[in-house]
Amino acid sequence: MIAQTLRMPTIPGAWHAPGIALLIVMGMLLSVYHQTAESMVAIWLRSDTFAHAFAVPPLVLWLVWRKRVELGGMMPRPMAWALAPMACAAAAWLVGRLAMANAIEQFAFTAMMVLAVPLLLGRQVGWTLLFPLGFLFFAVPVGEFLVPTMMQWTADFTVMALRLSGIPVYREGLQFVIPTGHWSVVDACSGIRYLVASFMVGSLFAYLNYRTANRRLIFVALSILVPVVANWLRAYLTVILGHLSGNKLATGVDHLIYGWLFFGIVIMALFVIGARWSQAPAVPARVPARVPAQVPVLVPVLVPVLVPVPVPVPVGGAIVRPLSTAVWPVVLMAVALLWSPPLLLELAPQQVSNPPRLQLQEHLTANWRATDQPVTDWTPSIQQASAKVQRSYRSSDLEVGVYIAYYRNQDTNKQLVSASNALVSGQDKVWHPLSQGVVTVSATAGGFEASSAEIVAASMAGSSRNTGLTVWHWYWVGGVVTRSDVVAKLLGVWQRLTGQGEESATVVLYARRDESNGGKIALQAFARDNWTLLERQLRETSHRQ
């Protein structure tokens, strides 16, 4: 009832200035960093994996509202030293923006919002709201980097379980054949949706139902482990249902329905079992005060304009003067700090240049010549490059394919290092990876490390090409060679800060694989003979502005 009142110890006016200050800083954060906030919401809308994030903001507000009695008896005080971690978060946002690393940028933005609370309201308030503030990080859409690993785990478990069930299985990478048909583990089979949703709900359940840290940590760990194992069982049962029914059940769209139904039953069982060990909530300690206040139940404590103006208040025999002015210098410092990264971003050198002109020569060194007959019709799944070139070369009985994707003036839609760039797309119906590793390119070519992979064209996919490729690939960023995504990102940040135009490329060499390692021999020979020449061409391309 609106008219119902709640008697609780409070200090009139204590929340007025800090509350207004918090609203100012939060509003400024949402205004200055609105592009980051919008990018988060865009991912929530686009990806079913993170649709649960829409529930995070209202849940955080509800969790704060549950603490209103405890908060009402506190004296909020600004904590200026919290500017140090906020400065680190602001710097991380700038690095993430320059590197176009959405996860870093969004985590840093969320961290700045979280740190604003202890900065302006103090350590006691921040500690009391530790879980609600931490829960806000579930709004950051991160976790898709786990998809390839979880797909591999799902395929490993499914094949193992089928063999233990007495069903013969022939496997190639993430695809496998059983007597009644062929199956493949795709992105939707990774279980990342189950994991992310279960982790969030499990953390909330543990916080609301347990008081001790041990019980909370155990349940959160189970909320991570159970969906992973449940997804393995779901995949196995899907294949078994299809096998026993002659592919009439658990195929097509209905296998997703069965999957979500099975997952829902498992997670519900986890919560039912977890509820048996729930603990009664702790009774908040009463804060001594001499001036009780009449506060409407439906008026949150953190709404400052509804709290009386500050006056001297006797508490415990002493006169306590609420801090009405001490918070404003902290607000000014926070505003200046939070404005700095976007300002530095605007002042960073910007370079506008023409599209790159990238070509591969007809004749290379050591008698390598271009051939009209390609090594294969496979092409890496690399998106939005400024320029691409692909060609096959032959020398004696050795044959190698070359693919280069060149990037200039990257933005959020055009990135050298991106989750959408891969050797084989997750939607590819023919090609799929078998293994990955690291290889050292010959010292005469620079002695650098490159990533390696084995990919095959599956006969089970209805293709007559039962072939495979050995692939080597690396990044070239402003003259520096690396196979590391992180190093390539950081080099791109340095290029952007120094106005070098973000000249970079992905270099891919590939050859047919065979049992005698002929593919590796051909790749090593080609890289040894021609990488110096190819790198010189990349440098020339970078200088054609």
Side-chain angles (χ1 to χ4, degrees), residues 99-101 144-153 155 172-174 187 375-376 378-385 388-393 400-407 410 415-426 428 431-457 467-492 503-514 517-532 534-535 538:
M100 284 160 287
E144 289 188 332
F145 67 94
L146 294 171
V147 169
T149 300
M150 295 184 67
M151 290 171 64
Q152 189 68 42
W153 289 350
E172 286 183 344
L174 298 177
D187 292 359
V375 173
T376 177
W378 168 79
T379 298
S381 178
I382 295 179
Q383 312 299 322
Q384 302 298 327
K388 298 179 183 179
V389 64
Q390 185 172 12
R391 210 160 190 186
S392 296
Y393 290 89
V400 169
V402 182
Y403 176 94
I404 299 177
Y406 196 94
Y407 287 85
Q410 300 176 53
Q415 300 183 41
L416 174 73
V417 182
S418 170
S420 60
N421 291 341
L423 295 179
V424 179
S425 168
D428 198 313
W431 294 94
H432 58 271
L434 282 181
S435 61
Q436 298 181 351
V438 179
V439 64
T440 300
V441 179
S442 174
T444 57
F448 57 89
E449 286 189 340
S451 298
S452 65
E454 304 287 332
I455 64 175
V456 295
T467 61
L469 297 173
T470 299
V471 183
W472 292 1
H473 57 105
W474 59 86
Y475 300 115
W476 179 89
V477 186
V480 179
V481 176
T482 180
R483 69 177 188 87
S484 169
D485 292 354
V486 175
V487 173
K489 280 284 190 183
L490 293 177
L491 289 171
E503 305 289 327
S504 55
T506 295
V507 180
V508 182
L509 305 182
Y510 53 94
R512 293 191 183 93
R513 61 189 286 266
D514 54 41
N517 287 329
K520 295 180 181 178
I521 294 172
L523 292 174
Q524 192 68 265
F526 183 89
R528 181 189 63 238
D529 297 336
N530 294 293
W531 170 238
T532 302
L534 293 178
E535 185 179 25
L538 291 174

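Every heavy atom of this structure was used, including side-chain atoms; hydrogens, water molecules and symmetry mates were not.
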*Gln383 and Ser418: side chain donor to acceptor below 3.5 Å*: no

*Glu503 versus Tyr406, side-chain donor and acceptor atoms under 3.5 Å*: yes

*Minimum heavy-atom separation for Ala527 to Val441, with atom names?*
CB-CG1, 3.6 Å

_Show the nearest heavy-atom pair for residues Val481 and Glu535, with the distance to one decimal._
CG2-OE2, 4.3 Å

Can you list everything that forms a side chain to side chain donor-acceptor pair (under 3.5 Å) with [X]? Sequence neighbours excluded, please.
X	answer
Thr379	Gln390
Thr149	none
Gln384	none

_When you compare the side chain of Val402 with that of Leu509, does any pair of heavy atoms fall below 4.5 Å?_
yes

*May I ask you to test the Arg483-His473 pair for a side-chain heavy-atom distance under 4.5 Å?*
no

*Kindly indicate, with the supporting measurements, whether the criterion side-chain hydrogen bond (donor to acceptor under 3.5 Å, both in side chains) is fulfilled by Ser452 and Gln436.*
CA-CA 6 Å; Ser452 65; Gln436 298 181 351; over 6 Å; no

By ring pair (Phe, Tyr, Trp, His ring centres under 6.0 Å) - contacts of [X] (at least two apart):
X	answer
Phe526	Trp368, Tyr393
Trp474	Phe448, Trp531
Tyr510	Trp378

